[in-house]
Enquirer: 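Please see the structure below; I have some questions.
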Amino acid sequence: MPTMKFANVLLETNPRSLKYPSLYCSADRPVVFDKETGEWTMYGAGEYDFTTYFNSLSVMKLKEYTIAGGFSLHLELKGAACTVEQTMGDAFASHSMPVEGTLREIPSSDGWRTIDLPLTVTDEMVIVGFVIRTEGDVAIRNSYYSIDYDGELRDVELALATTTFKKEKFIEGNIALIREQILDSGEEIADHFTMYVIDNGRTLDAEALSGGRVHVRPNDNVGGSGGFTRGMIEAMEQTPQATNVLLMDDDVAVSPESIKRTYNLLRLVNDQYADAFISGAMLDYEIGEDQWEDIGFMTPEGTFAPTKPPMRMTKFEDLVYNEIFEPNKKMLGQRYAAWWYCCIPIATIKREGLPLPVFVRCDDAEYGIRCNPKFMSMNGLCIWHMSFHARYNAAVERYQTTRNTMIAQATTGMAPKSDFMYELHNNIRLELKKFGYANAELCLDAFEDFLKGPRFIRQMGVAEERFMRANKVKERLVPFDELQRQADANPELAGFDLTKIDRQLVDGDKARTLVERVNDLVTDNGQRIIKTEGKGYAVIPALGWVYPAGVIRNKKYLIVIDLYNRSGAIRVKDPKRFEAIMKRYRRDLRYYKRNIKRLRAEYAAARAELTSVKFWKHYLKMD
């Protein structure tokens with residue numbers, strides 16, 4: 001049976017590997033890199049367990065996804081005597097377990113020794129790995145897992161498309177990493193890989209950064225949807241044509257090994273998963289061991305959510321759970337792969353068309369749900385991205401999300417189980433109860449733009465202009481020093497002292513009685529029917545989705561705090577503005593009820609045009 005190298009045993013020197021070494025190797029002694037020799041050394045007598053996020057092998061999924069018929073481990077070691085033993089984790093494992101009969105004793109050696117270990121894989125095994133127990137210093141290099149396969153490998157031309165807007169530091173670093181560790185790697189992928197950088201900000205030196213298999217394309221600011229669409233078109237029109245396009249955000253840290261494994265997975269994939277999307281996980285950029293999401297779904301309430309609970313990828317039980325998790329019924333038909341790392345077959349793009357021209361937000365969810373593919377995800381396929389809490393933006397969450405989810409559902413039938421009108425109503429009421437009037441108005445701006453029909457978003461430049469406007473009119477958060485000055489100038493906020501504010505206060509809430517809960521519901525926190533002026537102030541988070549109902553009730557002022565970005569704003573209760581917004585909302589709802597059937601028909605009729613290559617080439621000024 002023929003064999004191919006699938007995954008390198010990965011050891012890295014970067015901020016995440018240094019802070020979270022047990023993503024790579026869980027050990028009771030350090031693993032040290034020697035810059036002069038380029039070797040990694042397991043330093044001293046100890047136990048080094050490589051059954052980790054990056055260095056275990058996902059045998060259960062590989063047997064499901066691919067034509068794999070067997071597995072083996074190749075090691076190159078030098079130094080003190082040691083033993084090598086295969087490990088495994090099954091569905092109930094909380095730590096790696098040795099596999100009986102696989103222990104190999106390796107004598108000491110001043111030269112490199114090669115160990116090829118066939119892996120024992122049974123049906124109950126979810127992941128396998130290996131542990132090295134050393135009697136002294138042992139160096140390791142050029143080690144990897146191989147897969148024996150039954151059948152023919154697929155021909156793969158992989159294109160990477162990344163869209164950037166004025167994030168030069170991130171993208172230039174990623175280009176350099178791709179060149180060094182993929183294009184100059186000498187591995188098979190180097191001859192079948194092309195990188196497209198779609199520069200929506202036109203701030204990169206395209207001539208200097210391009211060359212070989214890297215292409216920087218200056219582009220108008222057409223958002224993520226336009227940038228990634230440009231990448232799809234470039235991939236379809238290259239010679240030879242790409243078979244798969246990997247979409248990846250610009251402001252991420254990536255391990256090139258994830259891309260190599262993606263390529264190898266595509267070579268091995270079986271007929272059942274040939275049209276599947278590969279969904280890479282989002283790990284937290286600041287807490288590098290925490291996984292936020294690998295596959296998302298649209299909830300019945302109309303919100304974006306991860307299919308899996310938060311996981312810590314240095315915990316062995318989470319490594320296993322991450323592989324065996326199964327979506328429930330409410331998730332099926334509603335799932336998508338986010339475009340921070342999503343690999344799509346070109347054949348699917350040709351069949352289903354291109355994304356919708358919605359600028360940013362929901363483009364990836366709409367496309368994934370529209371295509372309704374199988375999904376492949378796996379430990380070790382990931383990027384690191386800033387968490388959603390650290391980059392909350394009302395222009396995105398209140399304007400873009402509201403408008404685009406409605407457009408997507410009307411145009412392509414996205415997320416038929418989701419009620420986006422419920423989400424609109426919930427967000428408006430939530431903002432109003434928290435005196436977030438500017439952000440409530442953004443929801444209505446989005447709703448009204450949806451009501452204008454597909455002719456509105458079809459226009460070139462409109463998507464950018466509306467997003468820029470939303471950023472201009474959203475609630476403005478000011479730095480802490482300015483926030484304190486504003487509070488000091490208001491006698492009613494006497495006593496507010498930022499030096500005494502902490503997370504416990506900001507994130508805290510108070511219990512409400514049943515009477516208080518009913519009163520808040522009926523009056524929207526004292527702004528209708530029974531109107532009250534309110535007294536004093538409360539401090540709450542700036543995040544739009546939180547509702548600290550107990551602390552905000554009967555207050556006149558709310559001071560919202562963004563702890564991550566050290567900024568905030570002072571909100572003042574204004575029943576007149578509340579009523580004006582509600583009057584506008586009721587007017588919009590009347591129009592919606594009278595015209596929704598017509599609008600849905602118009603959006604659906606526009607689908608073929610809005611997702612066509614002809615439309616997008618004109619929109620992107622490529623024709």
Side-chain angles (χ1 to χ4, degrees), residues 165-167 223 251 284-286 303-304 359-361 385-403 426-446 464-490 492-509 525 527 534 536-549 551-552 555-574 577-578 581:
F165 183 78
K166 299 181 179 179
K167 292 188 175 72
D251 53 345
D284 192 322
Y285 191 84
E286 295 184 318
T303 60
F304 302 88
F359 200 74
V360 295
R361 202 69 165 109
H385 202 303
M386 291 295 289
S387 73
F388 299 117
H389 293 83
R391 51 195 175 96
Y392 180 81
N393 180 352
V396 173
E397 302 301 335
R398 292 300 183 237
Y399 177 77
Q400 290 291 140
T401 298
T402 301
R403 186 197 69 179
N426 183 63
N427 287 338
I428 291 174
R429 294 289 296 276
L430 183 59
E431 292 289 1
L432 291 177
K433 287 180 180 180
K434 298 189 297 181
F435 314 155
Y437 304 113
N439 296 338
E441 288 172 335
L442 280 178
C443 292
L444 291 179
D445 290 344
E464 179 187 13
E465 186 275 327
R466 296 303 289 170
F467 183 53
M468 297 298 288
R469 180 189 178 279
N471 272 295
K472 184 177 180 180
V473 302
K474 70 181 181 182
E475 177 179 57
R476 309 309 300 178
L477 303 185
V478 299
F480 275 171
D481 55 354
E482 175 59 25
L483 182 67
Q484 186 65 63
R485 283 194 292 269
Q486 292 179 10
D488 292 341
N490 188 336
E492 294 185 85
L493 298 178
F496 175 76
D497 185 352
L498 267 168
T499 64
K500 298 179 180 179
I501 302 297
D502 58 20
R503 180 178 174 181
Q504 184 176 0
L505 176 63
V506 175
D507 290 345
D509 198 4
N525 199 7
Q527 296 179 94
Y537 68 89
V539 178
I540 65 172
L543 295 171
W545 49 75
V546 299
Y547 180 40
V551 300
I552 69 172
K555 293 296 187 289
K556 182 176 181 180
Y557 296 94
L558 296 178
I559 302 177
V560 297
I561 299 291
D562 180 349
L563 291 171
Y564 298 92
N565 298 298
R566 303 179 68 84
S567 60
I570 299 172
R571 298 175 179 174
V572 186
K573 188 176 188 179
D574 188 347
R577 191 171 181 187
F578 170 94
I581 292 171

Enquirer: Are any of the side-chain heavy atoms of Thr402 and Leu442 separated by less than 4.5 Å?
Expert: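 No - every pair of side-chain heavy atoms lies 4.5 Å or more apart.
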
Enquirer: Rounded to the nearest 0.5 Å, what separates atom CZ in Phe578 from atom NZ in Lys433?
Expert: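 Going from the CZ atom of Phe578 to the NZ atom of Lys433 covers 9.0 Å.
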
Enquirer: Do the rings of Phe467 and Phe359 sit parallel, tilted or perpendicular, given the 30° and 60° boundaries?
Expert: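 Correct class here is tilted.
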
Enquirer: For Arg503, does the CZ atom have more than 12 heavy-atom neighbours from other residues, nucleotides or ligands under 6.0 Å away?
Expert: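 No, because the 6.0 Å sphere around CZ of Arg503 holds 12 heavy atoms or fewer from other groups.
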
Enquirer: Could you give me the CA-CA distance, side-chain angles and deciding distance for Arg391 and Val396, then say whether side-chain contact (heavy atoms from CB on, under 4.5 Å) is met?
Expert: CA-CA 10 Å; Arg391 51 195 175 96; Val396 173; over 6 Å; no

Enquirer: For the atom pair CZ (Arg361) and OH (Tyr399), what is the distance rounded to the nearest 0.5 Å?
Expert: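 OH of Tyr399 is found 15.0 Å from CZ of Arg361.
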
Enquirer: Specify the closest pair of heavy atoms between Leu430 and Gly544, including all atoms of both residues, with the distance to one decimal.
Expert: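 Shortest heavy-atom contact: CD2-O, 3.1 Å.
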
Enquirer: Not counting sequence neighbours, which residues clear salt bridge (Lys or Arg N to Asp or Glu O under 4.0 Å) with Asp509? List them please.
Expert: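 Scan of Asp509 (salt bridge (Lys or Arg N to Asp or Glu O under 4.0 Å), adjacent residues dropped) gives none.
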
Enquirer: Using the side-chain contact (heavy atoms from CB on, under 4.5 Å) rule, take Phe496 and Asn490 through it: C-alpha gap first, then chi angles, then the decisive distance, then the call.
Expert: CA-CA 10 Å; Phe496 175 76; Asn490 188 336; over 6 Å; no

Enquirer: Just do the side-chain contact (heavy atoms from CB on, under 4.5 Å) check on Asp251 and Met386 with the steps written out, would you?
Expert: CA-CA 8 Å; Asp251 53 345; Met386 291 295 289; 5.7 Å; no

Enquirer: Can you name the nearest heavy-atom pair linking Tyr537 to Ala494, along with the distance?
Expert: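 Here Tyr537 and Ala494 meet closest at CE2-O, 4.3 Å.
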
Enquirer: Between Lys472 and Arg476, which heavy-atom pair has the shortest distance, and what is it?
Expert: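 Lys472 and Arg476 have their closest heavy atoms at O-NH1, 3.9 Å.
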
Enquirer: Quick one: pull up CZ in Arg485 and CG in Leu498 and give me the separation to the nearest 0.5 Å.
Expert: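 Those atoms lie 11.5 Å apart.
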
Enquirer: Would you name the heavy atoms of Gln400 and Val360 that are closest together and state the gap between them?
Expert: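 Heavy atoms of Gln400 and Val360 come nearest at NE2-O, 2.9 Å.
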
Enquirer: If every non-hydrogen atom of Ala487 is compared with every non-hydrogen atom of Ile570, which pair is closest and at what distance?
Expert: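 Heavy-atom minimum between the residues: N-CD1, 3.8 Å.
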
Enquirer: Output all residues satisfying salt bridge (Lys or Arg N to Asp or Glu O under 4.0 Å) with Lys474, sequence neighbours left out; order by chain, then residue number.
Expert: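 Lys474 satisfies salt bridge (Lys or Arg N to Asp or Glu O under 4.0 Å) with no residue once adjacent residues are dropped.
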
Enquirer: Taking C-beta and beyond as the side chain, do Arg571 and Lys555 meet within less than 4.5 Å on heavy atoms?
Expert: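 Not touching, per the 4.5 Å side-chain cut-off.
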
Enquirer: Is the closest basic N to carboxylate O distance between Glu441 and Arg398 below 4.0 Å?
Expert: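 The answer is no: the pair does not qualify as a salt bridge.
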
Enquirer: Nearest 0.5 Å, what's the CG-OH distance between Leu543 and Tyr564?
Expert: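 Rounded to the nearest 0.5 Å, the CG-OH separation comes out at 7.0 Å.
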
Enquirer: Decide if atom CZ of Arg566 counts as having more than 12 heavy atoms of other residues, nucleotides or ligands within a radius under 6.0 Å.
Expert: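 Open.
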
Enquirer: Would you confirm whether Tyr437, through its side chain, and Asp574, through its main-chain N or O, come within 3.5 Å as a donor-acceptor pair?
Expert: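 Pair found, side chain donor or acceptor close to backbone of Asp574.
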
Enquirer: So Ile552 and Asn525, do their side chains get closer than 4.5 Å, heavy atoms only?
Expert: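 With C-beta onward as the side chain, the pair touches.
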
Enquirer: Do Gln484 and Asp488 have a side chain donor and acceptor closer than 3.5 Å?
Expert: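 Gln484 vs Asp488: donor-acceptor pair found between side chains.
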
Enquirer: Measuring from atom CZ of Arg429 to atom CG of Leu432, what distance do you get when rounded to the nearest 0.5 angstrom?
Expert: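 Atom-to-atom, Arg429:CZ and Leu432:CG are 8.0 Å apart.
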
Enquirer: Do Leu493 and Gln486 have side chains that get closer than 4.5 Å, going by heavy atoms?
Expert: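 A side-chain contact is absent here, since even the closest heavy-atom pair is not under 4.5 Å.
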
Enquirer: Quick one: pull up CG in Leu444 and CD1 in Ile428 and give me the separation to the nearest 0.5 Å.
Expert: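 With rounding to 0.5 Å, CG (Leu444) is 4.0 Å from CD1 (Ile428).
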
Enquirer: Would a 4.5 Å heavy-atom cut-off, applied to side chains only, mark Phe480 and Ile561 as touching?
Expert: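 In short, these two side chains touch, coming nearer than 4.5 Å.
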
Enquirer: Which heavy atom of Pro548 sits nearest a heavy atom of Lys434, and at what distance?
Expert: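 Scanning both residues completely, I find the closest heavy atoms to be CD-CD, 4.3 Å.
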
Enquirer: If we only count heavy atoms from C-beta on, is the Thr401 to Phe304 side-chain gap below 4.5 Å?
Expert: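 Side-chain contact under 4.5 Å: yes.
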
Enquirer: Do the side chains of Asn565 and Tyr392 get nearer than 4.5 Å, heavy atoms only?
Expert: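 A side-chain contact under 4.5 Å is absent here.
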
Enquirer: Do Val560 and Glu475 come within less than 4.5 Å of each other through their side chains, counting heavy atoms only?
Expert: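 Of all side-chain heavy-atom pairs linking Glu475 with Val560, at least one is under 4.5 Å.
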
